[in-house]
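So you know, we letter chains A, B, ... as the sequences are listed, proteins then strands, and number each from 1. Note that this is a predicted model, so its numbers are computed, not measured.
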Amino acid sequence: MFPEVAAESPLLQHLNPEQRAAVTLPDEHALILAGAGSGKTRVLTTRIAWLLSQGRIGPGNVLAVTFTNKAAKEMMTRLGAMLPVNVRGMWIGTFHGLCNRFLRAHWKLANLPSTFQILDTQDQLSAIKRVMKANNVDDERFPAKELQWFISGCKEDGLRPNMVEVRGEEDRRKVEIYQLYEDQCQREGVVDFGELMLRSYELLRDNDPIREHYRRRFRHILIDEFQDTNKLQYAWIKVLAGEGNSVFAVGDDDQSIYAFRGARVGNMADFVREFNVQHQIKLEQNYRSYSNILDSANELISHNRNRLGKNLRTDQGAGEPVRVYEAPTDMAEAQWMVEEVRHLVRDDVPKSEIAVLYRSNAQSRVIETGLFNAGVPYRVYGGLRFFERAEIKHALAYLRLLENPNDDTSFLRVVNFPPRGIGARSVEQLQDAAKATGSSLHDAVHKTTGKAGTNLAAFVAKIDRMREETQGLTLREIIDVMLQQSGLIDHYKAEREGAERIENLEELVNAAESFVTQEGFGRDAVALPIDEHGSTMLRQSPSSQGLDPSLPEINEPAPDYVPPDADTGETLSPLAAFLTHAALESGDNQAQAGQEAVQLMTVHSAKGLEFDVVFVTGLEEGLFPSERSLADYEGLEEERRLMYVAITRARKRLYLSHSQTRLLHGQTRYNVKSRFFDELPEHALKWLTPKNQSFGGSAFGFGMGYPTTRSTSYKSSETFASPEVPPQKAAPAHGLKPGMKVFHTKFGEGKVQLLEGSGDDARAKIAFPRHGEKWLALSVAKLTPVD
DNA sequence: TGTATGGATCTTTTT
DNA sequence: GATCCATACA
């Protein structure tokens, strides 16, 4: 577009032609299809830097959205390194973080209290349970989890209760509960994650001045991981992007793995159509992996029908072949993996550059045991995170009550914790009293009588006293006072296992401390004083926004409209800001973080990461692809994308393994190797064990005769002690022999290929002309020999 | 009011 | 196998 500029700008120096083209696109809507390892984040950040360096806009005109705090932080860091710009003046953050920021600035118009608090998933569930109890909802017919799923789903689709399509009595009831839950949240001044998005969206949609203001302001909207946006987020973007704005969406449809939580890959196609996108650029140059790995990924994903189409390429050579291993048992698989890891470590591969991936968390146990016994340090991702721990939630509940006494969820969490003689009956009485007057539990306390009333009154008095005493204290002091006065510290001191919890509570003090000191407590933008990103920016010149003075000024008159309640100059108290921070950023995973350790995680949580060596384990039908996803074709495609993500995590070496049997949910399951093996290019693979089984037809499914789950009594560790020798011995006694013809009621006539096991465990691989090869348990399958 | 026992349930996860 | 949850009991 601007060749001279492009050639001159040092920003563009290290970009390939595709990346450069993307970065320097004109101010119009664009979709960047960025394959795995193609420098997506780099393009996104350089685009922002480039826009700013052109001098036509200032930092205040940029809105950049990501899905995780981690991604947002990284973007800010990189941007800060690229340009001498105050990144804090920009709206860079997660969807939820930005919506929070928006609602904090316009709380009045959004019909929220200025102190509104955010419910995380746990809080939401307990709030729903409370609604159900208060309204006598049958939790047999309507499990709370299901309702939570339903409510979140509605919000993700942008649907208020009155907009949900109702078909039948059950729907009607669900919507009714949804409404009751909404009322309760409103009454208590809390919002769940979905609500943050939905309410922001509605305010933008319905309030013309507000919408116009932000439209005028955010000239450039950039979105990361666009394939993961849900319906509501898409609508939010659409309402924000008016005339003259440009939306720069970066995504990879092949890495869309969150449909189960509302993500719509279709948003990419919709975007192109509805925004009349004229610029689409594919980033297909991969800088991560060798070509055997990339070929595998490409070949696999080509089996998906619904894709926009993209092929990764690399300048690096073929590299090592992809190693495939078949184990007899999950334990043997783990043992083999541990052995390989030891070799790698011996060859100076850093442990942190080795990742073991699996489809579901339940699979980590065997792997952990293996590594543990071998004395290899490892780190498991995906456990409880810091702010989700019970003791932290308790402490936060106290803090939230200081901020907002009407927060009934927090009230109930700590009213009797540590125990202070307020049991279920007292609480019930209190809830009745509160319901009668429509007040919060806190306010209803004075209506209760008797011993229960005394205890409750003492509790409320304690909270209220704490609130007064902490007035004007620093955040650290507030938390110290709270920890003492609430009795939490004393309680855990008395508890046998309390030491670690106390440590965590102390860590909370540290977290608060660093939250306050770290470059003002607005590092993550969420906690910035309203003034700084609300009204002030609009009226001041770009240079006072922290824009580097050497950059040209914006040649545009200041917008004339200032949103009403952003104009108060009001700031969030450090405590409120910290609580918001705790809700929006659940904290690091627990860990031996920083330690040199092998990385264990699900494929989902590996997205966005890369390692020199990757093991993908448990590649078995029913597990990966998961049998729950096989119900529909879309589900299978998502599983395949998941596999694609798994493969593309590896830089140098990739291992794929599966096991013939696996202990799952206390039962031994016989598993056929994943169909994904058949979708990989043979030339790129190296079979470490004889390639014997193969997955047959696609008619594999529920009730199709394959006995996936059966209880067995043998101790698998003893039966298959050696990982090197898969048992391929035939067992007699059932009268079948390889080569025999048999008849099956569902699959018809077939030929016995292989036999193994004995007694109840005996099974046979049988080739059916129309249904392919199947492993059948002889004690279950109805087989008749055919002469 | 706190504790013990049985029973159901078990993809994937961020905010 | 393990954990969370609800109900029954001391």
*asked:* Tell me the interatomic distance from A:Glu637, atom CD, to B:dT12, atom C1', rounded to whole angstroms.
replied: 18 Å
*Using the aromatic ring of A:Phe260 (for Trp, its six-membered ring), decide whether it stacks on the base of B:dT12 within the limits of 5.5 Å and 30°.*
yes
*Counting heavy atoms from C-beta on, name the nucleotide in C:dC5, B:dT15, B:dT13 closest to the side chain of A:His604.*
B:dT13
*Rounded to the nearest 0.5 Å, how far apart are CD1 of A:Ile301 and CG of A:Asp253?*
8.0 Å
*asked:* Please confirm whether the shortest side-chain N or O distance from A:Asn361 to OP1 or OP2 of B:dT13 is below 4.0 Å.
replied: yes
*Would you mind checking if A:Arg307 and A:Glu637 are paired as a salt bridge, meaning a charged N to carboxylate O distance below 4.0 Å?*
no
*Does NZ or CZ of A:Arg662 come closer than 6.0 Å to the centre of the six-membered ring of A:Tyr670, within 45° of the ring's axis?*
no
_Nearest-Å distance for atom pair NE2/P, residues A:His581 and B:dT15_ = 12 Å
*asked:* Would you call the rings of A:Phe95 and A:Trp236 parallel, tilted or perpendicular, taking 30° and 60° as the class edges?
replied: perpendicular
*Hey, could you give me the CG/CG distance between A:Asp120 and A:Asp192, rounded to the nearest 0.5 Å?*
10.5 Å
*Taking only the side-chain nitrogens and oxygens of A:Thr94, find out if one of them lies under 4.0 Å from OP1 or OP2 of B:dT14.*
no
*Using a 4.0 Å heavy-atom cut-off across all strands, classify A:Leu642 as base, sugar-phosphate, or nothing.*
nothing
*Is A:Glu156 touching bases, backbone alone, or none of the nucleic acid, heavy atoms closer than 4.0 Å?*
nothing
_Per A:His96 side chain, nearest of listed nucleotides B:dT12, C:dA2, B:dT15_ = B:dT15
*Within the structure shown, what part of the strands sits under 4.0 Å from A:Phe95 by heavy-atom distance: base, sugar-phosphate, or nothing?*
nothing
*Taking the six-membered ring of A:Tyr644 (Phe, Tyr or Trp), confirm whether the NZ or CZ of A:Arg641 is under 6.0 Å from its centre and within 45° of its axis.*
no
*asked:* What is the distance, to the nearest angstrom, from the CD atom on A:Glu368 to the C1' atom on C:dG1?
replied: 14 Å
_Without decimals, in angstroms, what is the distance between A:Gln667 CD and B:dA8 C1'?_
14 Å
*Closest listed nucleotide, where the reference is the side chain of A:Tyr258 and the choices are B:dT13, C:dA2, B:dT12*: B:dT13
*Expressed in angstrom and rounded to an integer, what is the separation of A:Glu140 atom CD from C:dC5 atom P?*
15 Å
*Any idea which of C:dA2, B:dT13, B:dT15 is nearest the A:Phe193 side chain?*
B:dT15
_Could you tell me how far apart A:Leu609 (CG) and B:dT14 (P) are, to the nearest whole angstrom?_
11 Å
_Using a heavy-atom cut-off of 4.0 Å across all strands, would you classify A:Gly421 as base, sugar-phosphate, or nothing?_
sugar-phosphate
*Between the side chains of A:Glu368 and A:Tyr378, is a donor N or O closer than 3.5 angstrom to an acceptor N or O?*
yes
*Roughly, in whole Å, what's the span from CD in A:Gln363 to C1' in B:dC10?*
13 Å
*Closest listed nucleotide, where the reference is the side chain of A:Arg385 and the choices are B:dT14, C:dC5, B:dT13*: B:dT14
_Ring-on-base stacking B:dC10 with A:His665 (under 5.5 Å, under 30°)_ = yes
*Examine B:dT15: is either OP1 or OP2 under 4.0 Å from a nitrogen or oxygen in the side chain of A:Asn69? Give yes or no.*
yes
*asked:* For a quick check of understanding: with a heavy-atom distance under 4.0 Å over all strands, which category does A:Ser626 fall into, base, sugar-phosphate or nothing?
replied: base
*Which whole-number value in Å describes the distance from A:Leu663 CG to C:dA2 C1'?*
12 Å
*A:Glu638 or A:Gly194: which one's nearest nucleotide on DNA chain B is closer to the 5' end?*
A:Glu638
*A:Asn416 side chain near B:dG2 phosphate (N/O to OP1/OP2, under 4.0 Å)*: yes
*Would you mind classifying the nucleic acid contact of A:Ser426 as base, sugar-phosphate or nothing, using non-hydrogen atoms under 4.0 angstrom?*
sugar-phosphate
*Please confirm whether any donor atom in the side chain of A:Thr121 sits under 3.5 Å from an acceptor in the base of B:dT15, or the reverse.*
yes
